[in-house]
Engineer: 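The structure follows.
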Amino acid sequence: MALLSVKDLTIHFHTRNGLVRAVDGVSFDVHAGETYAIIGESGSGKSVACYSLLGLVPMPPGRVEAGTAMFAGKDLLRLSNSEMRKVRGKGISIIFQDPMTSLNPFLKVGEQLIEPLLLHFDMKREEAWEKATATLEEVGINNAAQRMNAWPFEFSGGMRQRVMIAMALITEPEIIIADEPTTALDVTVQAQILKLLKDLQVRRNIGVIFISHDLSVVADIADNIAVMQNGKLVEQGSRDAIFTAASHPYTKKLLAAVPVGEKQPAPAQDEPPIVSVDNLCVFFGESGTDSEVKAVNNVSLQIERGEILGLVGESGSGKSTLGRSILRLVNPTSGSIRFKDHDVTHMNARQLKPLRRQMQMIFQDPYASLNPRMTVYDTLSEPLLLHGICNRKNLDAEVFRLMDSVGLARESVLRYPHEFSGGQRQRIAIGRAIATKPQFIIADEPVSALDVTIQAQILDLLLELVDRFDLTMLFVSHDLGVVRYLSDRILVMRSGELVEAGTANEIFTAPKQDYTRALLDAIPGKSLLAARAADSGS
Amino acid sequence: MTDTTTPDNLLAATPKGVSLWQDAWVRLRKNKLAMFGLGFLGFIIVICILAPWITPYGYEDQDLRLGASAPSAAHWLGTDTFGRDLLTRIIYGGRISLAVGFIATSVALVVGVTYGAIAGYVGGRVDSVMMRLVDIIYALPFMIFIILLMVVFGRNLLLLFLAIGAVEWLTMARIVRGQVQNLRQQEFIEAAISLGLSPAAIIRKHVIPNVLGPVIVYTTLTIPNVMLLEAFLSFLGLGIQPPNSSWGLLISYGVESMEEYPWLLLFPGFALTLTLFALNFLGDGLRDALDPKASRD
């Protein structure tokens, strides 16, 4: 007997621009003691399907057109508001994607935790407090009794997600919906959270619906997997069946999107390095006080012409600051930065301008890195005109050439950024970066905000461009799998310092540092990779 | 994901780079209410400019035998206590009111947006100094500030406009600075820096277009504000003096005789209200038109 049985769920959105079939005839069952993963890219309807179970889909414009969702003898789709409030929390609870915004910053963590207990169970305050403390302990927060009195900002991202999990667990629900609960987290923290969720699911014998865009994330914890595309559930089955015997082309595409393998290191060059950084320090805050942050501490590195250098580290390791300071977007505290024959460490904006043409940057978030009020045409023509690469006459041709290079349809030249998907936006941003025909590009987590299938496309685009335009690239990422896929050499950074360097092969097969080993262990989807390796071996 | 590239023949039919403003104009034209507002404003402005050719009366022509008479065929909106034609006075008053509204607001707009954008973008010590200066001017009692200006420079209509603008820009600067501080953190600003754009170009091309929404809303609030401020100053004898007139002055005289001669209040009130409606429609339309995210078609 299934805990939750969804049959033929159909949800349409009636918008100004017409009908959107967000969820189209989806059926699935969730049993006690299983983790049921729903995989799909953004817009596939996976979140809408799950949110509708708790009445969290805005209606209108949304409307449940058909289907049932039986849970504890009731149809969740047809509950009144007051009945639904009893199900939320008590029967089914939910963990959201971004732990930074899903806690109320003005309430102490303990107060937020006991709220559902006071609400649903008529518990006494002291009793609720005790139970909340125990739950916090259960999700692995040390000093739980003290931490109950802490404010949300005193917790790191991973710790906040633990608090969110505690909040979901505290009412002892039978089902937890986890909506991309680790997407906003570092890879090592992600591994911990995934393990915690799996442990809790087994220990409490509850059902977990795990929503994700990334097959490898759920590879190690899911019992059953459903794949959604364009509102339809295109394939479902046990994890092993999906990994080894997927039949639907989209599932195969998802499986293939996991970056596997490593680049052959480029042959060593005789030329001097294109970038050399010596004893670079970037400190923030007042020196000598507690507020001083040593974001980059005594880092030296060389980037050879034509190579892709991977820079790996967790958030807060200073990898982005290092990249930005090489481009002089952040001012270094001490040390020196050389770009080709120029010492750029202390150059002012005017001196830097001719060099800016030769070194460019691709940013992480394609939603924030494009000016929302500039069309593709404006965005791409800006660098061309600024550096006198084009005049008004041949500008159009050059803009189109750029769009071709990065795989954007020419018709969209007058569109604004918000009219594009994340992957397309990142293509615009890449087009802007290569517009000046630079020799050196820093890519700061260029794919971490993108869906996994789009990631693969963008990574291949980057590789192609590096090859075609003879680029040198510093590729900054927290994802070792991605870095391995395209880097010649890898640097590992921790707390502002470089801890290890080597070729991708050396790092992956014989890591010297414990920290590197921990990063390697945290890469999700080992069982998936193993399955694929076995598959290609047979 | 579109990976298809289109053939070269598209090159021939190249759309020229459409600027934000051209694009906004295309979208504004589709907004009926805003276009109505724009048309109405244009109509009022033309009438005010052509005043001497439109009305048969002068704004100071008195006909004491008439006194305050109700609307009639000869005087469509009636006459005031001196027997002056009210319609004529409203039209002439509109000249002053619209001028003060637009000139003072333009001053506030240009100075406030530039000042706020620079303070917010540059940040640090520059920002502190610039904003403390704003605080100081804020703290000066407004009336004393104006009276001081009048005493030093003499009474002059243009100076009056500038003086009002000089007060109104402070709030604008604060609003813009706050917005810009948020904007400054965005990656597209960093991208612009790494392209090698100068700070002035970044402020002009990347910062200001992205703060236009709140700026336009505040501007449409400022215009009526300065019109009423002018009336207040004139009432105190610091602005324009009879027999000259403005909507604000007409209204405040109208209030005095509201019970006996209600039309003296009603008609100037209508003129002001209708203009403000038109302005608000236009402002809302502009805000939507300048935001590419508002639905495109």
Side-chain angles (χ1 to χ4, degrees), chain A residues 16-17 324 327-329 349-350 352-357 359-365 368-375 377-379 381-383 386-387 395-397 399-400 403-404 407-419 421 423-424 427 429 432-433 435-436 442 453-454 457, chain B residues 1-24 26-27 122 124 182-213 287 289-297:
Chain A
R16 253 192 309 187
N17 303 324
R324 282 171 156 78
L327 289 191
R328 284 292 315 281
L329 294 174
R350 195 166 294 118
L352 276 170
K353 192 185 162 192
L355 292 178
R356 292 259 182 237
R357 184 179 164 169
M359 42 190 206
Q360 280 299 317
M361 180 142 184
I362 300 165
F363 293 87
Q364 169 173 6
D365 183 357
S369 68
L370 297 172
N371 184 338
R373 301 199 181 217
M374 279 167 76
T375 58
Y377 185 91
D378 292 334
T379 301
S381 58
E382 184 169 50
L386 180 72
H387 291 284
L395 183 61
D396 294 343
V399 167
F400 280 135
M403 292 181 75
D404 293 345
L408 282 167
R410 289 184 176 188
E411 295 87 15
S412 54
V413 66
L414 290 184
R415 298 236 177 111
Y416 289 92
H418 71 94
E419 298 173 71
S421 68
Q424 287 170 317
R427 284 173 193 262
R432 173 177 61 192
T436 58
I442 294 184
T453 43
I454 311 295
Q457 291 171 15
Chain B
M1 184 99 292
T2 36
D3 278 319
T4 48
T5 46
T6 42
D8 273 0
N9 58 22
L10 246 174
L11 267 178
T14 303
K16 277 287 152 225
V18 181
S19 78
L20 184 69
W21 293 99
Q22 286 167 299
D23 205 31
V26 171
R27 266 179 286 177
V122 177
N182 286 334
L183 216 58
R184 178 97 180 72
Q185 316 291 330
Q186 301 267 347
E187 283 184 339
F188 69 84
I189 301 289
E190 257 190 315
I193 298 173
S194 69
L195 283 177
L197 259 74
S198 66
I202 292 175
I203 291 178
R204 199 178 63 245
K205 288 187 68 179
H206 294 278
V207 173
I208 289 181
N210 282 295
V211 296
L212 283 177
R287 190 192 53 201
L290 283 166
D291 182 1
K293 277 185 206 149
S295 85
R296 195 178 169 86
D297 20 36

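Just so you know, these numbers come straight off a predicted model, no measurement behind them. Chain identifiers are assigned alphabetically (A, B, ...) following the order of the sequence lines, protein sequences preceding nucleic acid strands; residue numbering begins at 1 within each chain.
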Engineer: Rounded to the nearest 0.5 Å, what separation is found between the CD1 atom of I193(B) and the CE atom of M361(A)?
Structural biologist: 11.0 Å
Engineer: Between R357(A) and chain B, which part of the residue has a heavy atom less than 4.5 Å away: side chain, backbone, both or neither?
Structural biologist: neither
Engineer: Side chain, backbone, both or neither: which part of L386(A) has a non-hydrogen atom closer than 4.5 Å to chain B?
Structural biologist: side chain
Engineer: For chain A, which residues of residues 183-191 of chain B have at least one non-hydrogen atom nearer than 4.5 Å to it?
Structural biologist: Q186(B), E187(B), F188(B), E190(B), A191(B)
Engineer: Does anything in residues 193-207 of chain B form a side chain to side chain donor-acceptor pair (under 3.5 Å)? List the pairs, not counting sequence neighbours.
Structural biologist: N371(A)-H206(B), E382(A)-K205(B), E382(A)-H206(B)
Engineer: Would you compute the distance between atom CG of L195(B) and atom NZ of K353(A) and round it to the nearest 0.5 angstrom?
Structural biologist: 10.5 Å
Engineer: Nearest 0.5 Å, please: how far is CG in N210(B) from CE in M374(A)?
Structural biologist: 9.5 Å
